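Following: one structure in structure tokens, then a few remarks.
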Number of protein chains: 2
Amino acid sequence: MNLTDQQQKFIHTWGTLGTNWGINKTMAQIHALLLISEKPLSTEGMMEVLQISRGNTNMNVRALVEWGLASKEMISGDRKDFYSAKKDIWVIARQIAQQRRKRELEPVINALKELKKETPNDEQHKELLERVNDIEDFSIKVDSMLEKFVKSDENWFYKVLLKLV
Amino acid sequence: MNLTDQQQKFIHTWGTLGTNWGINKTMAQIHALLLISEKPLSTEGMMEVLQISRGNTNMNVRALVEWGLASKEMISGDRKDFYSAKKDIWVIARQIAQQRRKRELEPVINALKELKKETPNDEQHKELLERVNDIEDFSIKVDSMLEKFVKSDENWFYKVLLKLV
DNA sequence: TTTTATTTTCAGTAATTATTGAAAGTTTAG
DNA sequence: CTAAACTTTCAATAATTACTGAAAATAAAA
């Protein structure tokens, strides 16, 4: 299989986006490839197109499945596993928001909660406690918005936008 | 100068958060340090507390200033430069949203626009074009929300939340 | 101006993160 | 069951990213 310049550019752009936001480049690139692929792809297919190793492919496909962005497809008459990506941008965004919240936000919020418990309320910790409290308040609000986003349908977003006008 | 365990933990947590989201760990840690510091700090002060080199300190303080998260303070009777961070979590969030949008979102959106222009509208590029169009539509909407967020005051957020109930 | 204090830069190096590939594990067909 | 097809794991290695420290540049004081 061979990609056109445009397809390669899309994959490259998506990979860079991933890298900039702390996502493995290969994971983002496989995602991009699946996003523009009409049919499910096998590990071999991805390896060939992206010029990456079997191990790399396997690990990052697994990550995509764990993130709920791709899923295994059975193709009758073939023993290989095939994978395809969810294509609805709304579903994708929700899925990513949900996962990043769980992985890269919740642990921080919990650590700050812990921290607050064990911090004496003295002069030396005045600034720290103010900051932690502010961050907690803020994150509760953002979190509640994110939660609504994650559980929403596309409609929700339009409604919010309209109300903001 | 010496930090308590709690202060160190805060700095560590903030550094990890940065790393997970594609921000230099030291940059995030200096930010955290300034956030919980009552008075402006000199380069020496930060170097000592965080145990990092002059060069590293200098580069990351500059980055914080460029991001609009910290600013130089003149302290009379001292030739050194001192720095302090903005402490309002709302201002911080807006500043970060604005900067990340400019640095890590706009270039992607522009690349996709370019890509769309140069992609032939044929069978081979059907999926690609659908995806790019979807992403563009989506990002316009998110962008408009982000813009409102960036230009908003805290009040805006509460209003939105209330309307969502 | 010269000297001293301070900041900036950046080539070299260290630390971290990502990738490979072959061996071990698993599944399916015969 | 055995063999072949395929997938997974992970130690070794490569690639990337971050950090250091000393030299160069700049700014302030004498």
Side-chain angles (χ1 to χ4, degrees), chain A residues 11-34 40-67 70-84 100 103-104, chain B residues 11-34 40-67 70-84 100 103-104:
Chain A
I11 290 168
H12 177 262
T13 303
W14 208 242
T16 304
L17 178 64
T19 299
N20 283 337
W21 290 84
I23 300 287
N24 180 292
K25 192 186 71 180
T26 303
M27 176 173 164
Q29 288 188 337
I30 294 176
H31 189 217
L33 173 59
L34 292 176
L41 293 177
S42 68
T43 302
E44 263 79 20
M46 305 180 213
M47 285 169 65
E48 192 203 325
V49 173
L50 300 177
Q51 295 289 318
I52 54 178
S53 72
R54 184 174 300 281
N56 197 9
T57 309
N58 185 279
M59 288 191 309
N60 284 293
V61 166
R62 171 160 68 260
L64 283 170
V65 172
E66 283 168 4
W67 280 58
S71 48
K72 203 184 280 194
E73 307 280 336
M74 286 308 158
I75 290 196
S76 58
D78 204 320
R79 267 166 77 173
K80 289 200 203 75
D81 293 344
F82 286 77
Y83 294 88
S84 63
R100 296 221 65 162
R103 293 161 193 259
E104 276 105 35
Chain B
I11 290 168
H12 177 262
T13 303
W14 208 242
T16 304
L17 178 65
T19 299
N20 283 337
W21 290 85
I23 300 287
N24 180 293
K25 192 185 72 181
T26 303
M27 177 173 164
Q29 287 189 337
I30 294 177
H31 190 217
L33 174 59
L34 293 176
L41 293 177
S42 67
T43 303
E44 262 79 19
M46 305 181 214
M47 285 169 64
E48 192 203 324
V49 174
L50 300 177
Q51 295 288 317
I52 54 178
S53 71
R54 186 175 297 283
N56 197 10
T57 309
N58 185 278
M59 289 191 308
N60 284 294
V61 167
R62 169 156 75 256
L64 284 170
V65 172
E66 283 168 3
W67 279 57
S71 49
K72 201 184 280 192
E73 306 280 337
M74 286 309 158
I75 289 195
S76 58
D78 204 320
R79 269 166 75 174
K80 292 201 202 73
D81 293 344
F82 285 76
Y83 294 88
S84 64
R100 296 221 65 162
R103 291 160 194 261
E104 276 106 35

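Below, read A as the first sequence line, B as the second, and so on, with proteins coming before strands; counting in each chain starts at 1. Since this is a predicted model, take the numbers as computed values, not measurements.
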dist B:Ser42:OG -> B:Glu48:CD (nearest 0.5 Å) comes out at 9.0 Å
Evaluate the ring planes of B:Trp14 and B:His31, with Trp represented by its six-membered ring, and classify them as parallel (under 30°), tilted (30 to 60°) or perpendicular (over 60°).
tilted
Nearest-nucleotide pick for A:Ser53, side chain only, options being D:dC6, C:dT7, C:dT20:
C:dT20
Integer-rounded Å distance: C:dT7 C1' and B:Asn60 CG
15 Å
I want to check one thing: is the phosphate of C:dA18, taken as OP1 and OP2, less than 4.0 Å away from some side-chain N or O of A:Thr26?
no
Between B:Asn58 and C:dT7, is there a contact of a side-chain N or O with OP1 or OP2 at under 4.0 Å?
no
Heavy-atom check, side chain of B:Ile23 versus side chain of B:Trp67, under 4.5 Å:
yes
Can you tell me how far P of D:dA25 sits from CG of B:Asp81, to the nearest Å?
20 Å
For A:Thr43 and for B:Gln51, locate the closest nucleotide of DNA chain D by heavy-atom distance; then report the residue assigned to the nucleotide nearer the 5' terminus.
A:Thr43
So which nucleotide from C:dT17, D:dA27, C:dA29 ends up closest to the side chain of B:Thr19?
C:dT17
By nearest heavy atom, map A:Lys80 and A:Arg62 onto DNA chain D; which one lands nearer the 5' end?
A:Lys80
Using a 4.0 Å heavy-atom cut-off across all strands, classify B:Asn24 as base, sugar-phosphate, or nothing.
sugar-phosphate
Report the residue (B:Glu44 or B:Met59) whose heavy-atom-nearest nucleotide on DNA chain C is the more 5′ of the two.
B:Glu44
Can you tell which of C:dT7, C:dT6, D:dT20 lies closest to the side chain of B:Arg54?
C:dT7
